[in-house]
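Okay, so here's the structure we're looking at.
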Amino acid sequence: MAEDDGAEERAEGAEGAERDPEAVSRFVEHFAAQLVEAGVPRMPARVFAALLASDTGALTSAQLGEQLQISPAAVSGAVRYLAQVHLVSREREPGSRRERYRVHSDQWYEALTNREAIIKRWEDALREGVASLGADSPAGRRLTETLAFFEFVEVEVEAIMARWRIHRDQLFGRD
């Protein structure tokens, strides 16, 4: 079954052309290494890179396990992490009990904008810290500056994302 899944994925290559599996594997591992360097756990980074390299943007657990030579448990843990950070979604294969894991074209937007809730919580905690430590203390001033940074980032991310949507639409058309 997994062999058929792999054949289906290869058939969906650029205009039906078959890709060099070694080249795909090199890309997946190289990009995953870059993600790991940025703080993403290794297995989720590999799964995410494999999904990005898939023409369909979706693979089953069996396909991921076969391609990456990892266990079903490793796939499950990686997908759980990626779903929590909004980089992948789960979907049922039509007419099947199997799940596919999908990366969407707006995954970066979703992941970044979902950080807004986290930043808000950090800002609230920093405000409490400033109130507890006193705004005029060295620690209070440091927390005040950190709070100002997160408030700045929050506004800038919102503006960047608005510009990105316009730019994306100009490059790729509306979805």
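Basis for what follows: all heavy atoms, side chains included, without hydrogens, waters or symmetry-related copies. If you read the sequence from its start, that first residue is 1, and numbering goes on from there. Because the structure is predicted, anything quoted here is derived from the model rather than measured.
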Side-chain donor-acceptor contacts of residues 22-30 below 3.5 Å, not counting sequence neighbours, with atom names and distances?
| residue | atom | partner | partner atom | Å |
| --- | --- | --- | --- | --- |
| E29 | OE1 | R46 | NE | 3.1 |
| E29 | OE2 | R46 | NE | 2.9 |
| E29 | OE2 | R46 | NH2 | 2.8 |

Requested in this report: Work out which heavy atom in G65 is nearest to a heavy atom in V75; give both atom names and the distance.
Outcome: N-CG2, 3.9 Å
Query raised in the report: Between E158 (side chain) and V155 (backbone), is there a donor-acceptor pair under 3.5 Å?
Result: no
Query raised in the report: Between the main-chain N or O of R100 and the side-chain N or O of R92, is there a donor-acceptor pair closer than 3.5 Å?
Result: no
Query raised in the report: Among pairs that include at least one residue of residues 117-161, which meet ring pair (Phe, Tyr, Trp, His ring centres under 6.0 Å), considering only residues two or more places apart or in two chains?
Result: W122-F150
Requested in this report: Hey, could you give me each pair passing ring pair (Phe, Tyr, Trp, His ring centres under 6.0 Å) that has a residue in residues 43-68? Not counting sequence neighbours.
Outcome: F48-W108
With a 3.5 Å cut-off and sequence neighbours excluded, list the donor-acceptor pairs that the side chains of residues 79-87 form with protein atoms.
none

Requested in this report: Kindly give the heavy-atom pair with the smallest separation between I70 and M43, and that separation in Å.
Outcome: CG2-SD, 3.6 Å
Query raised in the report: Hey, what do you get for NE2 (H167) to CD (Q170), rounding to the nearest 0.5 Å?
Result: 7.5 Å
Report task. Identify the two heavy atoms, one from A50 and one from L59, that lie closest to each other, and give their separation to 0.1 Å. Result -> O-CD1, 4.0 Å
Query - Atom pair OH (Y101) and OG (S54), whose distance is rounded to the nearest 0.5 Å - result: 14.0 Å
Requested in this report: Search all heavy atoms of A49 against all heavy atoms of F31 and return the closest pair with its distance.
Outcome: CB-CD2, 4.0 Å
Report summary line: Heavy-atom nearest pair, A53 first then R19, reads O-NH1, 4.0 Å
Output a table of donor-acceptor pairs, distance under 3.5 Å, between side-chain atoms of residues 125-140 and any protein atom two or more places apart or on a different chain; print 'none' if there are none.
| residue | atom | partner | partner atom | Å |
| --- | --- | --- | --- | --- |
| R127 | NH1 | D124 | OD1 | 3.2 |
| R127 | NH2 | E151 | OE2 | 2.9 |
| S132 | OG | E128 | O | 2.9 |
| S137 | OG | L133 | O | 3.1 |
| S137 | OG | G134 | O | 2.9 |
| S137 | OG | G140 | N | 2.9 |

Query - Nearest-0.5 Å distance that lies between atom CD in E91 and atom OG1 in T60 - result: 11.5 Å
Report summary line: Sequence neighbours excluded, the answer for side chain to side chain donor-acceptor pair (under 3.5 Å) partners of E154 is K120
Report summary line: In this structure, CE of M161 is separated from CZ of R168 (nearest 0.5 Å) by 8.0 Å
Report task. Check the hydrophobic clustering (I, L, V, M, F, W, Y; side-chain heavy atoms under 4.5 Å; chains of links allowed) and say if I118 and V153 are grouped together. Result -> yes
Report task. For residues L51 and V103, report the shortest heavy-atom separation together with the two atoms involved. Result -> O-CG1, 3.7 Å
